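In what follows, chains carry the letters A, B, and so on, assigned in the order in which the sequence lines appear, proteins first and then strands, with residues in each chain numbered from 1. All values derive from a computational prediction rather than experimental measurement.
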Amino acid sequence: MSKLFLTNSEGGVKSAFEPLDPEHVRVYVCGPTVYNLAHIGNARPVVVFDTLFRVLQALYPRVTYARNITDIDDKIIVAARERSVGISDITEEFAQKFREDMSALNSLSPTIEPHATLHVDAMLDLADRLISRKHAYEADGHVLFDVTSMPDYGKLSGRHLDDMLAGARIEVASYKRHPGDFVIWKPSLDDEPGWDSPFGRGRPGWHLECSAMIHQHLGDAIDIHGGGRDLIFPHHENERAQSCCGYGGSFVGTWMHNAYVDMDGEKMSKSLGNVRTVRELLEQYSGETLRFALLSAHYRSPLNFSKDLLDSAQSTLDSFYLALRNTADVDADACNIEQTPVFDALCDDLNTPLAIAELHKLAKALNKASGDEREKIKSALLAGGFALGIFNADPSDWFSDTGADGLAESVIAELLGERAHAKANRDFSRADAIRDELNAAGVTIEDGPSGTTWRRS
RNA sequence: GGCUCGGUGGCAGAGUGGUGAUGCAGCGGAUUGCAAAUCCGUCUACGCCGGUUCGAUUCCGACCCGAGCCUCCA
């Protein structure tokens, strides 16, 4: 059995993964705040942790993977106001679109998908615990976490309270005892969504939901908590503070954070306005191509997003699918994924580029193989691909699927028939003219010993 | 200012104290009516300066450059 190694963001060390309960691995990944469409940067953690989910499922009998939906947030309130609708109109629309987009990327549904607004009681319970344990205080209608009450506050992100003061770039609210204190609960105006609470009508601070939902669904401590790098501080640091101080326990075994998708060397983000939504990219590329592109760099390294990246992802997938299509007559048998180099690569801190390199070796071997060997190699190639969440298409569909503007298959067949006729009569200029015509329409043809095949290019 | 992470061949991108990443592109060849696909062969590399070492791209230190967090953000 392969041994899984993961890099823990807390401390930055890679070590063997030891689940708290080998019979039941628990993972929580921060999901979207649903107020607009997901961009390709938002998709990276989804794809990365989906791959982790697949690896964990291969290694352990039971894996619970929770990914939350943040459906109460100031940005949502603003979006609802702009469109003159209720916040649930916004959150339901974009939660659904998020699910659709991520599913197009071959990402599996999480085991549970807790919504913040359905866990307000649990959040208020946590706020109460924190106050009674002197880790939080009420001031001016707010409930605030007292960062000085936690000796190792800052451990996850590697910061010290003193350093944070020096770099404070934002005006500190007067009701905070310490500038680093963060909001657990805040008052709502009459025209803002809110819930009644012992502290008055209000709504939760950003970090509270994850702490409360993790506790309710997964328990005091979980194995893995993931998200994008930018969540390390303040979000995860503060979550950790709330959970450790409110519930006790160690909270998270391994923290994992993916690096960003960059645009021209700069982070892609909503605030920079340089985003490309998954939905718009899906008009030009298959979800599998987008997924493969996202996995082409290691999750802890920045990934520069470009047309070249997507085009090369697509042609690489084409070459894999060609190898599969050319062996369509070969039956693949069940392959023990755990004994393949692809899986070994994934077990080494999700080394997807190395896993892809192993896929290339298998595809090359399959192209060269003959006889019984082909069955074994094809099985390994397929199993490796499934671990990465690719090869979901039937190889012949992969090459024949097209947008509305492509040539109909019947037209292609007709032209190929005419070309075969011309070739038989050694009328090569006519044959080549037909080939040029098909090429111009985005159809590549290949003459083989057993006839001519075609594919969309 | 504080903290973090990186700089590998034309490009993408792994990895390692001492022969091979891998892919794309290029070049040569096989194959093909010509192509396409495939296969074979082949060229480019480890930011800069020191140190440790028999030996460093890999370890240590300085420097240069880039990115990120410290504010909503995957």
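The NE2 atom of A/His236 sits 13 Å away from the P atom of B/rC70 (whole-angstrom rounding). Summarising the geometry, the separation between NE2 on A/His298 and P on B/rU16 is reported as 12 Å, rounded to the nearest angstrom. Spacing between atom CG of A/Leu350 and atom P of B/rG15 amounts to 12 Å, rounded to whole angstrom units. A/Tyr35 has its OH atom 7 Å from the C1' atom of B/rC72, to the nearest Å. The separation between A/Leu156 atom CG and B/rU4 atom C1' is 12 Å, rounded to whole Å. Atoms CG (A/Asn8) and C1' (B/rU4) sit 15 Å apart, rounded to a whole Å. A straight line from OH of A/Tyr299 to C1' of B/rC5 spans 13 Å, rounded to a whole angstrom. Rounded to whole Å, atom P of B/rG66 lies 19 Å from atom NZ of A/Lys267.
Counting only distance, with no hydrogens or angles, the side chain of A/Asp427 and the backbone of A/Arg430 share a donor-acceptor pair below 3.5 Å. Using modelled atom types, one side-chain atom of A/Arg456 and one backbone atom of A/Ser400 make a donor-acceptor pair closer than 3.5 Å.
Of all nucleotides listed (B/rG13, B/rA21, B/rC69), B/rA21 comes nearest to the side chain of A/Leu354.
Annotation: cation-pi geometry not satisfied between A/Lys14 and A/Phe5 (NZ/CZ under 6.0 angstrom from ring centroid, within 45° of ring axis). Geometric assessment of A/Arg276 against the ring of A/Phe305 yields a negative cation-pi assignment under the 6.0 Å and 45° thresholds.
A/Gly41 comes within 4.0 angstrom of a base, heavy atoms only. A/Glu358 comes within 4.0 angstrom of no nucleic acid atom, judged by non-hydrogen atoms across all strands. Within the nucleic acid shown, A/Val261 comes within 4.0 Å of at least one base atom, counting heavy atoms only. At the heavy-atom level, A/Ser296 lies under 4.0 Å from the strands shown only through sugar-phosphate atoms.
Remark: the separation of the P atoms in B/rA37 and B/rG23 is 15 Å, to the nearest Å. When the C1' atom is compared between B/rG18 and B/rU42, the two are found 25 Å apart, to the nearest whole Å. For the P atom pair drawn from B/rA14 and B/rU53, the interatomic distance equals 33 Å after rounding to whole Å. Taking atom P on both B/rC43 and B/rG66, the two are 35 Å apart, rounded to the nearest angstrom. Rounded to whole Å, the C1' atom of B/rG6 lies 31 Å from the corresponding atom of B/rC54. To the nearest whole angstrom, the two C1' atoms, one in B/rC63 and one in B/rC48, are 7 Å apart. As rounded to the nearest Å, B/rU22 and B/rU58 have P atoms that lie 22 Å from one another. Between the P atoms of B/rC24 and B/rU19, the separation comes to 26 Å (whole Å).
The shortest distance between the side-chain N/O atoms of A/Lys361 and the OP1/OP2 oxygens of B/rA21 is not below 4.0 Å.
Annotation: A/Asp372, atom CG; neighbour count of heavy atoms from other residues, nucleotides and ligands within 6.0 Å does not exceed 12. For A/Lys376, the NZ atom sits in a loose shell: 12 or fewer heavy atoms of surrounding residues, nucleotides or ligands are nearer than 6.0 Å.
For the ring-ring contact (aromatic ring centres under 6.0 Å, His included) criterion with A/Phe182, the lone passing option out of A/His142, A/His207, A/His235 is A/His207. The one candidate from A/Glu237, A/Arg240, A/Glu10, A/His236 that meets the side-chain hydrogen bond (donor to acceptor under 3.5 Å, both in side chains) condition with A/Ser157 is A/Glu237.
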Just do the side-chain contact (heavy atoms from CB on, under 4.5 Å) check on A/Leu317 and A/Glu288 with the steps written out, would you? CA-CA 9 Å; A/Leu317 283 173; A/Glu288 193 162 309; 4.2 Å; yes
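Residues A/Thr277 and A/Arg279 bring no donor and acceptor atom of their side chains to less than 3.5 Å of each other.
Each of A/Arg300 and A/Gly228 has a nearest nucleotide on RNA chain B; the 5'-most of these lies closest to A/Arg300. Checking A/Ile40 against A/Asp262, the closest nucleotide of RNA chain B that is more toward the 5' end is the one next to A/Asp262.
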What pattern of brackets, bars and dots sums up RNA chain B from 5' to 3', given Watson-Crick or G-U wobble pairs under 3.5 Å, [ ] for crossing pairs and | for another strand? (((((((..(((.....[...))).(((((.......)))))....(.(((..]....))).))))))))....
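In summary, A/Asp329 and A/Arg374 engage in a salt bridge, as defined by a charged side-chain N under 4.0 Å from a carboxylate O.
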Distances for protein N or O near nucleotides 31-38 of chain B N or O, under 3.5 Å:
residue, atom, partner, partner atom, Å
B/rG33, O6, A/Arg419, NH2, 3.4
B/rG33, N1, A/Asp432, OD1, 3.0
B/rG33, N2, A/Asp432, OD1, 3.4
B/rG33, N2, A/Asp432, OD2, 2.7
B/rC34, O2, A/Arg435, NH1, 3.2
B/rC34, O2, A/Arg435, NH2, 2.3
B/rC34, N3, A/Arg435, NH1, 2.8
B/rC34, N4, A/Asp447, OD2, 3.1
B/rA35, N6, A/Asp447, O, 3.0
B/rA35, N1, A/Asp447, N, 2.8
B/rA35, N3, A/Arg435, NH1, 3.2
B/rA36, O2', A/Arg455, NH2, 3.4
B/rU38, O3', A/Asn367, ND2, 3.2

